[in-house]
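Order of the sequence lines fixes the chain letters, A, B, ..., with proteins taken first and strands second; residue numbering starts at 1 for each chain. All values below come from the heavy atoms of this structure, side chains included, with hydrogens, waters and symmetry mates left out.
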Number of protein chains: 2
Amino acid sequence: MPSLASNHIRRCPVAAFQKMISGKYKLRILWDLQDGPQRYGELRKSLLRGAEGAPAIAPRVLSRELKALAQSGLIARKDYGVVPPKVEYRLTPMGRSFIPVVGEIRKWGARHLGGERLGLAS
Amino acid sequence: MPSLASNHIRRCPVAAFQKMISGKYKLRILWDLQDGPQRYGELRKSLLRGAEGAPAIAPRVLSRELKALAQSGLIARKDYGVVPPKVEYRLTPMGRSFIPVVGEIRKWGARHLGGERLGLAS
DNA sequence: CAGCATCCTGCGTGATACTG
DNA sequence: CAGTATCACGCAGGATGCTG
């Protein structure tokens, strides 16, 4: 059961939603994970697609986004405990149930915000 | 045609979406407007529902949210030019097309975030 | 009534360097 | 490889008072 703080926020779905997906990368991370688990470094690279010149995401930032998503119960972290380190992130059932919502968002955005090509960029 | 800055963001629907609905109240405002136009003061009061003890939204903040939504093309401002002032905010067609998406968000949130009672609180 | 002007605070984001 | 530590900064959000 995800901990979403303050009692009154649990009464307000959209507020809770906004808190949960606040941050520039959370939605993109979820979307990228729908095709299967990915490692930290893979996600890091994925998040550059769609913005060529953009500088890489700061490790600190990605780290926090992932932790937040995990604590929300949307993704799970699996540490293989080997060296060199190998860690995978995957969608939880709850996270997977959220994908269609992101899909709706993307479809709407593509239709009304000029983002053609639903294929690749997140 | 809404202006959503920087070319690369127009390529990324979810990024554009997040930018568009960033801010604590934008989604709630849109949701509240689906039943018809509302005046500034009415919105102000609406935004308190679901959080009793909460202090009122700062006028400065509400003002900015409304301006941003208007510039995104989701809502329209109608000034009646009378005194005392009367201003109404209503959904544009684009804004109305967005309501179902918010609906999906609320449904998901209600199901997975413990926010029962889809009736009133936004 | 519908805001604007001003000040203040915390946090989200980024850049860089370092580690087990 | 998968992060943590540290520093820096802009901006969202709140509080208060004033105005046409």
Say whether, by atom type as modelled, one donor and one acceptor occur between the side chain of [X] and the main chain of [Y] under 3.5 angstrom.
X     : Y     : result
A/Y40 : A/L62 : no
A/R44 : A/I57 : yes
A/Q34 : A/I99 : no
B/R28 : B/L47 : yes
A/Q38 : A/D32 : yes

Within this structure, what is the [atom1]-to-[atom2] distance between [X] and [N], rounded to whole angstrom?
X     : N      : atom1 : atom2 : answer
B/L43 : C/dA2  : CG    : P     : 9 Å
B/I21 : D/dA12 : CD1   : C1'   : 14 Å
B/L66 : C/dA2  : CG    : P     : 11 Å
A/Y80 : D/dG3  : OH    : P     : 13 Å
A/L62 : C/dG14 : CG    : C1'   : 13 Å

Table of protein N/O atoms under 3.5 Å from nucleotides 13-17 of chain D N/O atoms:
from   : atom 1 : to    : atom 2 : distance (Å)
D/dG13 : OP1    : B/K24 : N      : 3.1
D/dG13 : O6     : B/R60 : NH2    : 3.3
D/dG14 : OP1    : B/K24 : NZ     : 2.7
D/dG14 : OP1    : B/Y25 : OH     : 3.3
D/dG14 : OP2    : B/Y25 : OH     : 2.8
D/dG14 : O6     : B/R60 : NE     : 3.1

Q) Does B/S63 put a side-chain nitrogen or oxygen below 4.0 Å from OP1 or OP2 of C/dA2? A) no
(Q) Below the 4.0 Å mark, does D/dA2 have OP1 or OP2 next to a side-chain nitrogen or oxygen of A/K67? (A) no
Q | Each stem that DNA chain D is part of, given as range with range (3 or more consecutive Watson-Crick or G-U pairs, under 3.5 Å) | A | C:1-20 with D:1-20
Q) Taking only residues at least two apart or on different chains, which pairs with a member in residues 64-73 of chain B satisfy salt bridge (Lys or Arg N to Asp or Glu O under 4.0 Å)? A) B/K26-B/E65
Q: Strictly below 4.0 Å, heavy-atom distances to any atom of DNA chain C: list the hits from residues 82-91 of chain A, or just say none.
A: A/P85
Q. Between A/E42 and A/K45, is the closest basic N to carboxylate O distance under 4.0 Å?
A. no
Q. Measuring from B/I21:CD1 to A/Q18:CD, what's the distance to the nearest 0.5 Å?
A. 5.0 Å
**Q.** side-chain hydrogen bond (donor to acceptor under 3.5 Å, both in side chains) contacts touching residues 81-92 of chain B (sequence neighbours left out)
**A.** B/Y80-B/E88, B/E88-B/R90
Q. Angle class for the A/F17/B/F17 ring planes (parallel below 30°, perpendicular above 60°, tilted otherwise)?
A. perpendicular
Q | By side-chain contact (heavy atoms from CB on, under 4.5 Å) - contacts of A/P100 (at least two apart) | A | none
